[in-house]
Amino acid sequence: LLLHGLTATTYSVRPLANRLGELDWTISAPLLLGHGESLEKLSTTTWQDWAAQVEQCWHQLNNYCDESFIVGESAGGLLALWLACLQTIRPKGLVLVAPALQLNLPSWKRQLIWLLSFFISTFPKEKKSGDLEWQGYSEHSLKAVFQLIDLQSLVLGIIPQLEQKILVVEGGQDDVIGPGVSSLLQKKAERSEVKSIFVEQAGHHPMLEKNSHDYVLSEIVNFLQRS
């Protein structure tokens with residue numbers, strides 16, 4: 001089960017889907033509700049909507065597979081963690097690529113975003129590198145960001161329930177996710193075996209970026225095959 005991030009599309013996980021497809025893996029990569037349509041539609045969705053959707057996709061996938069894994073990028077990583085903590089869900093392993101467990105967002109910026117939400121509904125993103133092939137919205141939905149923060153708070157509280165093997169991929173140039181995510185997971189998910197891959201030259205999309213994608217995709221596939 002491959003889960004993309006907030007404001008993105010399934011294009012973010014397509015390189016991994018292609019690699020696994022070549023190995024005859026069964027893939028489910030849903031387009032999260034509110035994505036691929038309009039920011040107005042995204043602003044009306046909640047994290048519970050996304051969670052219910054990915055849970056349904058998990059059960060559909062499980063009808064065809066004896067063993068299943070969850071891979072999530074950014075906000076998709078949060079959804080993967082939430083899903084893995086459900087009593088009825090027992091993935092064999094998790095892969096978290098730049099998981100949004102802690103945003104690179106000082107408290108004063110969070111307060112500013114909260115104040116701005118009374119006056120505006122969206123705000124522009126910083127421009128991505130010209131050689132990054134990424135698809136999604138060019139602006140953030142403030143309501144969706146708050147949904148992400150709410151999910152983040154919930155997931156941080158339930159992580160100790162995890163017992164699966166986990167691979168965490170972090171980029172040294174990631175300006176979205178705060179540093180030390182793998183250390184945070186190792187500390188909180190004490191019953192899980194957490195492996196970390198740190199790619200100094202990678203940013204927030206290491207599966208897409210030209211200077212990291214080959215290495216990162218190979219490491220993810222190796223982890224899945226050995227788990």
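Worth saying up front: this structure is predicted, and the values here are computed from it rather than measured.
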Visitor: Count I, L, V, M, F, W, Y as connected when their side-chain heavy atoms are under 4.5 Å apart, and connections chain through other members. Are L32 and F146 then in the same cluster?
Guide: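 Yes, L32 connects to F146 through the hydrophobic network.
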
Visitor: Between H35 and H4, does the ring centre distance come in under 6.0 Å?
Guide: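 Yes.
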
Visitor: Take atom CD of E193 as the centre, draw a 6.0 Å sphere, and report whether it contains more than 12 heavy atoms from other residues, nucleotides or ligands.
Guide: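 Not buried by this count: 12 neighbours or fewer within 6.0 Å.
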
Visitor: Are I197 and I220 side-chain neighbours, meaning at least one heavy-atom pair lies under 4.5 Å?
Guide: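 The answer is no, as the side chains (C-beta and beyond) never meet within the 4.5 Å cut-off.
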
Visitor: How close do P179 and E170 get, heavy atom to heavy atom, and via which atoms?
Guide: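 Closest approach of P179 to E170: C-OE1, 4.4 Å.
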
Visitor: Applying the 4.5 Å side-chain criterion to the ILVMFWY set and letting contacts propagate, would V54 and L20 be lumped into a single cluster?
Guide: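 Different clusters.
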
Visitor: Would L23 and Q225 count as a side-chain contact (heavy atoms from CB on, under 4.5 Å) here? Give the steps.
Guide: CA-CA 10 Å; L23 298 172; Q225 290 179 321; 3.5 Å; yes

Visitor: With distance as the sole test, does S12 use its side chain to make a donor-acceptor pair with the main-chain N or O of A8 at under 3.5 Å?
Guide: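 Absent.
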
Visitor: Using the side chain to side chain donor-acceptor pair (under 3.5 Å) rule, pick out the option among H204, E200, Q201 that qualifies with Q173.
Guide: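 Passing option: E200.
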
Visitor: Given V199 and N211, is the side-chain contact (heavy atoms from CB on, under 4.5 Å) satisfied, shown in steps?
Guide: CA-CA 10 Å; V199 186; N211 58 0; over 6 Å; no

Visitor: Would you say the side-chain atoms of S141 and T122 include a donor-acceptor pair closer than 3.5 Å?
Guide: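 There is no such pair between these side chains.
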
Visitor: For the residue pair A98 and D174, what are the closest heavy atoms and their distance?
Guide: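 Closest approach of A98 to D174, heavy atoms only: CB-OD2, 3.5 Å.
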
Visitor: Determine the interplanar angle of the W82 and W47 rings, folded into 0 to 90°, and report it as parallel if under 30°, tilted if 30 to 60°, perpendicular if over 60°.
Guide: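 It falls in the perpendicular class, over 60°.
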
Visitor: Do you know which two heavy atoms are closest between L79 and L151, and how far apart they sit?
Guide: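 For L79 versus L151, the nearest heavy atoms are CD2-CD2, 3.8 Å.
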
Visitor: Give, for atom OG1 of T26 and atom CG of N63, the distance between the pair rounded to the nearest 0.5 Å.
Guide: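 Rounded to the nearest 0.5 Å, the OG1-CG separation comes out at 11.5 Å.
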
Visitor: Hey, are the side chains of W58 and P91 touching, using non-hydrogen atoms and a 4.5 Å cut-off?
Guide: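 W58 vs P91: side chains touch.
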
Visitor: Kindly say whether L33 contributes a backbone atom to a donor-acceptor pair with the side chain of Q53 at under 3.5 angstrom?
Guide: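 Yes; judged by distance alone, with no hydrogens or angles, the pair exists.
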
Visitor: Check whether L39 and L148 end up in the same hydrophobic cluster, where Ile, Leu, Val, Met, Phe, Trp and Tyr are linked by side-chain heavy atoms less than 4.5 Å apart.
Guide: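 Linked within one cluster.
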
Visitor: Do any N or O atoms from the side chain of S212 and from the backbone of P206 form a donor-acceptor pair under 3.5 angstrom?
Guide: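 It does hold such a pair.
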
Visitor: Using atom types as modelled and distance alone, determine if a side-chain donor or acceptor of Y137 lies under 3.5 Å from a backbone N or O of L6.
Guide: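 Not at all, since once roles are kept as given, no pair shorter than 3.5 Å links the two residues.
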
Visitor: Verify the distance criterion only: is there a donor paired with an acceptor across the side chains of Q147 and T46 at less than 3.5 Å?
Guide: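 Looking only at side-chain atoms, T46 and Q147 do not form any donor-acceptor pair under 3.5 Å.
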
Visitor: Could you tell me if the side chain of L3 sits less than 4.5 Å from the side chain of E73, heavy atoms only?
Guide: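 SC-SC contact between E73 and L3 ruled out.
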
Visitor: Could you walk me through whether I166 and K195 pass the side-chain contact (heavy atoms from CB on, under 4.5 Å) test, one step at a time?
Guide: CA-CA 6 Å; I166 302 174; K195 178 183 177 182; over 6 Å; no

Visitor: Could you state whether W134 and L16 fall into the same hydrophobic cluster, counting links through intermediate Ile, Leu, Val, Met, Phe, Trp or Tyr residues with side-chain heavy atoms under 4.5 angstrom apart?
Guide: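 Unlinked, W134 and L16 end up in two clusters.
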
Visitor: Rounded to the nearest 0.5 Å, what's the gap from CG on L217 to CE on M207? Could you check?
Guide: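 It is 7.0 Å, given to the nearest 0.5 Å.
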
Visitor: Could you grab the distance from atom CD1 of I159 to atom SG of C85, nearest 0.5 Å is fine?
Guide: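 SG of C85 is found 7.0 Å from CD1 of I159.
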
Visitor: With a 4.5 Å limit on heavy-atom distance, are the side chains of R191 and Q161 in contact?
Guide: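 Yes. Closest side-chain heavy atoms under 4.5 Å.
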
Visitor: Is L2 reachable from F69 through a run of hydrophobic residues whose side-chain heavy atoms are each under 4.5 Å from the next?
Guide: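 Shared cluster, yes.
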
Visitor: With a 4.5 Å limit on heavy-atom distance, are the side chains of P30 and C57 in contact?
Guide: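 When only atoms from C-beta onward are counted, C57 and P30 do touch, with a gap below 4.5 Å.
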
Visitor: Any side-chain heavy-atom pair from L167 and L94 closer than 4.5 angstrom?
Guide: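 No. Closest side-chain heavy atoms not under 4.5 Å.
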
Visitor: I need the R19 CZ to W25 CH2 distance, nearest 0.5 Å.
Guide: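 Answer rounded to 0.5 Å: 14.0 Å.
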
Visitor: Ignoring hydrogens and angles, state whether a donor on the side chain of D150 or S153 is under 3.5 Å from an acceptor on the partner side chain.
Guide: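 No donor-acceptor contact under 3.5 Å links the two side chains.
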
Visitor: Taking all non-hydrogen atoms of both residues into account, name the closest pair between S227 and K165 and its distance.
Guide: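 Answer, listing the atom of S227 first, then K165: OG-CD, 4.2 Å.
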
Visitor: Just how far is it from atom CG of L78 to atom CG of L154, taken to the nearest 0.5 Å?
Guide: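 If we round to the nearest 0.5 Å, L78:CG and L154:CG are 9.5 Å apart.
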
Visitor: What I'd like to find out is whether the side chain of Y11 reaches to under 4.5 Å of the side chain of L208, using heavy atoms alone.
Guide: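 Yes, their side chains come closer than 4.5 Å.
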
Visitor: When rounded to the nearest 0.5 angstrom, what distance separates OG in S121 from CG in L42?
Guide: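 Here the rounded value is 10.5 Å.
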
Visitor: Please name the pair of heavy atoms, one in L31 and one in T9, separated by the smallest distance, quoted to 0.1 Å.
Guide: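 Looking at all heavy atoms of both residues, the shortest contact is CD1-CA, 3.9 Å.
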
Visitor: With the threshold set at 4.0 Å, does a side-chain nitrogen-carboxylate oxygen contact exist between K92 and D66?
Guide: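 No, K92 and D66 are not salt-bridged.
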
Visitor: Without swapping roles, check the side chain of Q152 against the backbone of L101 for a donor-acceptor pair under 3.5 Å.
Guide: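 Flag set: sc Q152 to bb L101 pair under 3.5 Å.
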
Visitor: Are I27 and V13 packed together at the side-chain level, in the sense that at least one heavy-atom pair is separated by less than 4.5 angstrom?
Guide: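 Heavy-atom side-chain distance check fails, nothing below 4.5 Å.
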
Visitor: If every non-hydrogen atom of A100 is compared with every non-hydrogen atom of I177, which pair is closest and at what distance?
Guide: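 Smallest heavy-atom distance, with atoms named: CA-CD1, 3.4 Å.
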
Visitor: Between N222 and S218, is there a donor-acceptor pair closer than 3.5 Å when you use the side chain of the first and the backbone of the second?
Guide: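 Indeed, once roles are kept as given, a pair shorter than 3.5 Å links the two residues.
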
Visitor: Looking only at atom types and distance, does a side-chain atom of S74 sit under 3.5 Å from a main-chain N or O of P99, one as donor and one as acceptor?
Guide: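 Such a contact is absent between S74 side chain and P99 backbone.
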
Visitor: Yes or no on side-chain contact (heavy atoms from CB on, under 4.5 Å) for E55 and L86, after CA distance, side-chain angles and deciding distance?
Guide: CA-CA 9 Å; E55 183 179 1; L86 295 182; 3.8 Å; yes

